[in-house]
Protein chains: 2
Amino acid sequence: MARTPAPGTRRRILEASAKLFGEQGVRAVGMQQVIDATGVGKSLLYREFASKDELIAAWLRESDAQWWEQAEEVTAPHSGDPARQIMALMEFFQASVREPDFHGCIYYNTSSEFRDPAHPGRQEATLHLKGLRNWLRDMGAQAGAEDPDALADTLMLVIGGLLANGEVLGVDGPARMALATAELVLRQHCPNALAGAAL
Amino acid sequence: MARTPAPGTRRRILEASAKLFGEQGVRAVGMQQVIDATGVGKSLLYREFASKDELIAAWLRESDAQWWEQAEEVTAPHSGDPARQIMALMEFFQASVREPDFHGCIYYNTSSEFRDPAHPGRQEATLHLKGLRNWLRDMGAQAGAEDPDALADTLMLVIGGLLANGEVLGVDGPARMALATAELVLRQHCPNALAGAAL
DNA sequence: GTCTATAGTGCGATAGAC
DNA sequence: GTCTATCGCACTATAGAC
């Protein structure tokens with residue numbers, strides 16, 4: 001009888017949003033652009049996402065989930081060796097920054113576009129970054145760090161600097177030093193980590 | 001009997017812009033807000049700055065000049081000891097991030113709001129950050145760094161991370177580790193730097 | 001003040017699944 | 001043909017640049 005709801009609409013909207021928001025920034029992209037890019041109608045877009053803010057938040061939530069999936073893939077081979085897992089994640093960051101279509105970290109970028117802590121997009125961004133910091137702290141603790149919080153904060157320095165500078169100054173310099181610095185920091189905090197072998 | 005142009009109009013506009021742009025971000029602030037905040041008329045504003053983009057660029061240029069003045073003040077006492085000058089600048093960054101009205105680095109923030117390399121605001125931001133990196137490289141070279149470019153890139157990692165994370169995650173963690181990390185990096189690159197004394 | 005753009009609403013037309 | 005998902009467009013209201 002009735003027409004079947006097209007599957008994957010939400011996904012298509014999110015993918016188009018991810019591309020546009022990621023490349024140009026959130027405030028620079030209008031809902032009309034999202035509509036044009038998806039071919040979806042305005043009514044359907046607003047049925048899926050009640051407002052632009054909600055779309056922004058959903059995009060970041062989705063990206064967070066996907067990011068952690070990739071992080072899992074990248075660190076899994078080193079399961080049981082937390083220091084090496086941390087380094088694997090740092091390599092993953094380095095590779096991301098080197099992607100030709102790298103346009104900066106969507107979480108830092110969105111935070112800088114929305115300063116209000118109550119903004120849904122900013123909240124998702126903060127959640128992601130806090131989650132990352134927690135992961136680093138927990139891994140650091142497992143790796144025998146004497147002060148896992150300090151280690152996590154320091155690695156966040158390296159990560160934040162890599163992502164921020166990579167976008168503005170070009171990727172070569174920051175990406176060149178990020179791994180070595182992370183390793184230096186890691187060895188500093190975890191006396192027995194990364195024993196022997198080079199990276 | 002023509003009225004004399006009020007002096008300092010341009011300055012007043014720039015000061016109001018600095019406050020608004022800095023606190024809320026550039027795209028979040030309309031020209032009307034700048035007008036309301038200065039009390040200046042629309043025509044006068046547009047006589048001083050032909051467009052919003054030009055105002056953005058002028059604000060960043062002005063901020064850059066003021067920033068270097070402060071940097072000069074902060075590093076001058078250590079003239080002749082480049083490693084300590086670098087550390088003084090890092091302390092200056094740490095203090096900035098700890099200011100109660102810290103809202104992130106205006107250069108990183110503006111870069112993330114305007115991705116087009118041709119945008120005047122982005123160009124000023126890039127210029128500032130390149131200038132900073134150059135200063136670090138030159139000081140590093142004077143301090144005896146074996147690879148001053150690597151040192152500069154690494155310190156930019158710490159600075160970028162401090163500013164980016166300070167805005168999103170709160171200032172305590174990043175600020176706590178930035179100095180120690182900078183010192184670690186500096187000692188790593190300059191064998192004879194910071195000899196003896198603690199920070 | 002003017003003109004454009006944007007977020008968001010609502011409706012008639014159309015495209016498909018049965 | 002019927003029924004509904006969805007498109008496309010017209011519309012409002014607000015805000016922005018200039």
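Chain letters run A, B, ... following the sequence lines, proteins first, then strands; residues in each count from 1.
In this structure, the nucleotide among D:dG16, D:dT6, C:dA17 sitting nearest to the side chain of A:Thr4 is C:dA17.
For A:Arg12 and D:dT6, the CZ to C1' distance is 10 Å, given to the nearest whole Å. Atom C1' of nucleotide C:dT9 and atom OH of A:Tyr46 are separated by 9 Å, given to the nearest angstrom. When rounded to the nearest whole Å, the span between CG of B:Leu44 and P of D:dA17 equals 18 Å. A:Ile13 places its CD1 atom 11 Å from the C1' atom of D:dT6, with the value rounded to the nearest Å. We find that CZ of A:Arg47 is positioned 13 Å from P of C:dT9, with the value rounded to whole Å. Atom CD1 of A:Ile35 and atom C1' of C:dT9 are 12 Å apart (whole Å).
Between A:Arg3 and C:dC18 there is no side-chain polar atom (N or O) within less than 4.0 angstrom of OP1 or OP2.
Within residues 51-60 of chain A, the residues approached by DNA chain C to less than 4.0 Å at the level of any non-hydrogen atom are A:Ser51, A:Lys52, in residue-number order. Within residues 14-30 of chain B, the residues approached by DNA chain D to less than 4.0 Å at the level of any non-hydrogen atom are B:Gly30, in residue-number order.
Annotation: side chain of B:Asp64 is not in contact with side chain of B:Leu60 (no heavy-atom distance under 4.5 Å).
With respect to the salt-bridge test (charged N to carboxylate O, under 4.0 angstrom), the residues B:Arg122 and A:Glu167 qualify. For B:Arg176 and A:Asp147, the salt-bridge test passes: some basic side-chain N is under 4.0 Å from an acidic carboxylate O.
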Identify the pairs formed between an N or O of the protein and an N or O of nucleotides 8-15 of chain D at a distance under 3.5 Å, and give each distance.
none

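By the salt bridge (Lys or Arg N to Asp or Glu O under 4.0 Å) test, A:Asp116 is found to be paired with no residue, residues two or more places apart in sequence or in another chain being considered. Contacts of B:Ala37 classified as side chain to side chain contact (heavy atoms under 4.5 Å, CB included), with partners at least two apart in sequence or in another chain: B:Ala16, B:Leu20. Qualifying salt bridge (Lys or Arg N to Asp or Glu O under 4.0 Å) partners for B:Arg61, counting only residues two or more places apart in sequence or in other chains: B:Glu124.
Closest heavy-atom contact between A:Ile56 and A:Gly121: CG2-CA, 3.9 Å. Shown here for A:Met87 and A:Leu179, the closest heavy-atom pair between the two residues is CE-O, 3.6 Å.
Across all strands, A:Ala6 comes closer than 4.0 Å only to sugar-phosphate atoms, never to a base (heavy-atom distances).
Atom CD of B:Glu54 has more than 12 neighbouring heavy atoms from other residues, nucleotides or ligands inside a 6.0 Å radius. By the 6.0 Å contact criterion, CD on A:Glu146 is open, its count of non-hydrogen atoms from other residues, nucleotides or ligands being 12 or less.
Between A:His128 and A:Trp67, the ring planes are perpendicular. Angles over 60° get that label, and only those under 30° would be called parallel.
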